[in-house]
Amino acid sequence: MVTRVSYKTMRKLKNALFVSVLSVMTSLAVLPLLSLLWSIGFHGIAALISLSDAPLSRGVASAVLVNAFAQSLVTTASSSAIAVFLGVAAAIYSSQYAGLRVGRAIRFTVDILSGVPSILAGMVLFALLSGVSSLVAGVLALVLCMLPVVVRTADQVLVAVPVAYIEGSLALGASRIQTIFATVLPIAHKSLVTALLFVVARMAGEAAPLLIILDGGTASKGSLGFQPLPLRLYSDLTHGGSFPHQIAYVEALILLVTIMTIYGLARWVGRPDRW
Amino acid sequence: MGKALEARAISARFNEQVILREVTLHMPVNQVTAIIGPPGCGKSTFIRCLNRLHETTPGATMSGEVLLDGHSVYDMDPTEVRRSVAMIFHRPNPFPTMSIFDNVAAGLRLHGLRNRAKLAESAEQALRRAALWDEVKDRLHLYSSALSLGQQQRLCIARALAIDPVAVLMDEPASTLDPLSTLVIEELIEELKRQYTIVIVTHNLQQAARVADKTAFFLEGEMIEQGTTTALFTTPQDKRTADYVTGRFG
Ligand SMILES: Nc1ncnc2c1ncn2[C@@H]1O[C@H](COP(=O)(O)OP(=O)(O)OP(=O)(O)O)[C@@H](O)[C@H]1O
Ligand SMILES: [Mg+2]
């Protein structure tokens, strides 16, 4: 009887110890994230208030912000559109048409490519496309970064569509293409859109490849040249002075809110509901 | 009207692994032919060769001939073959994104029918033939997941019948169903054989005995014995068949 009680207590103790270790580790992982959100939120809103107090700085700041945001929107939207179109097509091929061996080869290649640092994509395009407009080069650089991730993500989602439904469609005399459009994509569309939005959200804040191509740090510093949000943020931060710093915080806030909105959208699309 | 199916020396492989060896079997019109045999002996693979579904699996190949009403299905367009030779799978697989109605209409739409009145008429007919109409006529626009498993299987049968096949292949169509739904499906098979050639794979020997006119026994990729169901079950010629039908293995 005595041993039994102590055994139970031991187990409870061990359990408590384990749970507390886990909580400490979880907090260690979450704290930096929360402090980042807090600091950007706090400073961003503070900067926003002080900028909008003075009419002159308000005018300049809003011009800068609107310009940067619009450019981000254009680059992200157009690069996402291209990357999603090409990437989903490639994923349809690898998941529905390619045999086992070819499919594996495609996945292997794409995995390696998606591991390539994004700054290298910028470098390659910079080398290839000197002289081309920085908008085009920037968009292409983002496409290059997104493409492997889009292919991999879409492939995973499409491969997960149960073969039973695909065969159900084929058994009705549907062609492969009809099966893809009438069965595979409708079944996969929710997870596909969700997964792709996550990829887009990550790309919206991507600065490294653009940094090289658009030469954001030097040429157009302080001007209203071609500078999407992440780049503008970089140049304002490195510019020095309190006005650019305040703008930088607002830009960080906008970037964060935008990305969180896309994430929210992704979660909403992927909500466990009907098709 | 149904059309006879005939397999002539069908061999099938997955990559290097031989799954079926030279199987020859005649499946007559307006009869139910049952395929029995222990798990993994190639029953599913066999019927998947009949409608050319086998070749859609990566790494799967086959040789030999399948004749539909005397014409080789390997000379026909595969989509045309699958349209004429319907297949019911062991687990009901109605399209989850579609309503009950859209499931039944799916095949018709694939083949170009757009007229709403005609679609509705054909869908009703198919649902009646699958003995499901009375149970779903008031909720055709619900998702198919609103149905019980047995109803879903009959929905799949309706979906297959809607495009007027000439033969129906069934791969253990009742293996995931409760006894009552199984009975409904068996009665349905009785009814359907008037119009179609039916081939049914089953694990359940009683089921084969109940529904099949003809039975073929498969073992390790070979067709060991075939004959009328009564003959195969009462006077099997091969010792392995005898052992199997008396429950000594498998
Ligand atoms: N996609 C596949 N790739 C490789 N081998 C396969 C594949 N599908 C089936 N096989 C193999 O083919 C053999 C025959 O399978 P099949 O499904 O035809 O058997 P079955 O008689 O229908 O079995 P069960 O009664 O379990 O349904 C098995 O050994 C199986 O492992
Ligand atoms: Mg099987």
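Convention: sequence-line order gives letters A, B, ...; per-chain numbering from 1.
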Crowding at [atom1], [X] (>12 non-hydrogen neighbours, <6.0 Å):
| X | atom1 | answer |
| --- | --- | --- |
| Ile177(A) | CD1 | no |
| Phe69(A) | CZ | no |
| Arg139(B) | CZ | yes |
| Tyr97(A) | OH | yes |
| Phe14(B) | CZ | yes |
| Arg129(B) | CZ | yes |

Engaged part of Ser175(A) at the chain B interface, taking heavy atoms whose separation is under 4.5 Å: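 Looking at Ser175(A), backbone and side chain both touch chain B.
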Interchain contact, Arg176(A) with chain B, by part (heavy-atom threshold 4.5 Å):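 Side chain of Arg176(A) only, per the 4.5 Å heavy-atom cut-off to chain B.
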Check: [X] side chain, [Y] main-chain N or O, donor-acceptor pair, under 3.5 Å:
| X | Y | answer |
| --- | --- | --- |
| His111(B) | Leu172(A) | yes |
| Asn93(B) | Ala164(A) | yes |
| Glu167(A) | Leu53(B) | no |

Option that, when pairs with chain B are counted at under 4.5 Å, heavy atom only, ranks first among Ser169(A), Gly99(A), Gly103(A):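 Of Ser169(A), Gly99(A), Gly103(A), Ser169(A) has the most heavy-atom pairs under 4.5 Å with chain B.
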Under 4.5 Å from a heavy atom of chain A, the part of Arg159(B) involved: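 Both backbone and side chain of Arg159(B) come within 4.5 Å of chain A.
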Side chain, backbone, both or neither of Pro94(B) within contact of chain A (heavy atoms, under 4.5 Å):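 Backbone of Pro94(B) only, per the 4.5 Å heavy-atom cut-off to chain A.
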Inter-residue atom distance Arg52(B).CZ - Leu170(A).CG, 0.5 Å rounding: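 Interatomic distance, Arg52(B) CZ to Leu170(A) CG, rounded to 0.5 Å: 12.5 Å.
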Max heavy-atom pair count under 4.5 Å with chain A, selected residue of Asp77(B), Asn51(B), Thr56(B):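 Option with the greatest count: Thr56(B).
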Shortest non-hydrogen contact from Tyr165(A) toward Phe95(B):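 Looks like O-CE2, 3.5 Å.
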Contact summary for Thr97(B) and Pro186(A), nearest pair of heavy atoms: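 Minimum heavy-atom contact is CG2-O, 3.5 Å.
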